[in-house]
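Reading through the structure tokens given below for one structure.
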Amino acid sequence: MKRTLLSAFLLSGVLLMGSCSQDKPAEAGVEGMNAAANEAAANPTVDNPNVASDTEAPNPNAPVMTFAENEFDFGDIKPGAIVKHTFSFTNTGKSPLLIENAIASCGCTTPNWTKDPIAPGGKGTIDVQFNSQGKTGIQNKEISVQGNTQPSVTKIAIRANILSDGGQGPVRK
């Protein structure tokens with residue numbers, strides 16, 4: 001068994017060394033570098049659909065999500081409390097608004113949004129629920145709302161101060 005493994009290892013090593021070509025120069029040389037530089041100069045941009053071009057003009061007809069308030073403070077809440085708030089917005093753009101997704105900065109925050117397209121001048125809502133279980137002190141959470149708007153991401157935020165339940169904390173001896 002050991003002889004078979006040793007033979008296979010030696011054979012693979014010989015094949016690897018034999019497959020390496022020593023006839024070719026290791027470097028591209030001046031001509032190769034000049035050719036690569038000319039090719040890069042001929043194609044200066046890389047097409048990436050996720051990056052907006054600097055020369056691309058904003059769409060004047062794009063929907064615009066305008067919130068009545070961008071932040072809400074729940075104030076002082078008890079530990080373990082679940083609180084909710086509804087953010088209202090208006091489509092102040094010139095074309096229908098469609099929310100693609102809403103992502104919270106924490107698993108303790110759950111957004112729920114209007115799924116239907118909102119006509120220009122129409123109103124929509126984003127319900128935000130915050131679960132304070134396991135949290136203490138001042139909490140700031142952000143919700144990123146993605147849509148066919150310009151800009152494509154609009155951020156809203158919630159804030160709360162979770163009171164101490166008095167049962168935890170340092171114990172004096």
Side-chain angles (χ1 to χ4, degrees), residues 33 35-173:
M33 293 178 73
N38 289 337
E39 184 177 328
N43 299 318
T45 60
V46 176
D47 291 333
N48 184 348
N50 297 324
V51 177
S53 170
D54 291 339
T55 59
E56 185 175 327
N59 180 2
N61 296 324
V64 177
M65 189 181 307
T66 304
F67 281 90
E69 58 185 346
N70 288 339
E71 186 174 315
F72 182 77
D73 190 351
F74 290 107
D76 296 337
I77 61 174
K78 294 180 181 178
I82 297 175
V83 292
K84 298 176 185 178
H85 180 71
T86 300
F87 288 91
S88 297
F89 63 89
T90 304
N91 179 6
T92 56
K94 296 179 180 176
S95 59
L97 185 154
L98 184 60
I99 296 175
E100 297 169 8
N101 198 3
I103 301 169
S105 61
C106 175
C108 59
T109 305
T110 307
N112 189 13
W113 61 92
T114 303
K115 304 288 192 278
D116 297 328
I118 300 163
K123 295 186 181 293
T125 59
I126 296 179
D127 297 323
V128 177
Q129 178 177 305
F130 172 67
N131 184 351
S132 66
Q133 183 71 35
K135 308 265 184 227
T136 58
I138 295 175
Q139 300 290 316
N140 294 307
K141 305 300 175 190
E142 190 172 86
I143 298 100
S144 299
V145 183
Q146 297 174 321
N148 61 343
T149 58
Q150 204 156 21
S152 62
V153 177
T154 304
K155 295 185 178 189
I156 55 177
I158 59 170
R159 178 180 302 205
N161 180 27
I162 303 169
L163 300 172
S164 174
D165 62 357
Q168 298 176 356
V171 177
R172 180 177 266 173
K173 291 184 179 180

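Numbering of residues begins at 1 and proceeds along the displayed sequence. The structure presented is a predicted model; accordingly, all values stated were derived computationally and were not measured.
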Under 3.5 Å, which donor-acceptor pairs do the side chains of residues 95-111 form with other protein atoms, sequence neighbours left out?
unit_1, atom_1, unit_2, atom_2, d
S95, OG, N61, O, 2.7
S105, OG, E142, N, 3.0
S105, OG, E142, O, 3.4

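Every side chain to side chain contact (heavy atoms under 4.5 Å, CB included) that A62 has, sequence neighbours left out, goes to N59, Q150. The side chain to side chain contact (heavy atoms under 4.5 Å, CB included) check on P79 picks up I162, D165, with sequence neighbours excluded. Looking at residues two or more places apart in sequence or on another chain, you find a side chain to side chain donor-acceptor pair (under 3.5 Å) between T66 and T92. Partners of N112 according to the side chain to side chain donor-acceptor pair (under 3.5 Å) rule, which considers only residues two or more places apart in sequence or in another chain, are K115. Scanning for side chain to side chain donor-acceptor pair (under 3.5 Å) contacts around N161 gives D76, with sequence neighbours left out. Shown here are the ring-ring contact (aromatic ring centres under 6.0 Å, His included) partners of F89, two or more places apart in sequence or in another chain: F67. Taking the ring-ring contact (aromatic ring centres under 6.0 Å, His included) definition, one finds that F72 meets it with F74, H85, sequence neighbours left out. In this view, N140 and R159 satisfy the side chain to side chain donor-acceptor pair (under 3.5 Å) rule, not counting sequence neighbours.
Within the 4.5 Å cutoff, the side chain of I158 has heavy atoms near those of the F87 side chain. Between I126 and V145 the shortest side-chain heavy-atom distance falls below 4.5 Å.
For residues 118-130, the set of pairs meeting the side-chain hydrogen bond (donor to acceptor under 3.5 Å, both in side chains) definition, not counting sequence neighbours, comprises T86-D127, T90-K123. Residue pairs meeting the salt bridge (Lys or Arg N to Asp or Glu O under 4.0 Å) criterion with at least one member in residues 128-138, sequence neighbours excluded, do not occur.
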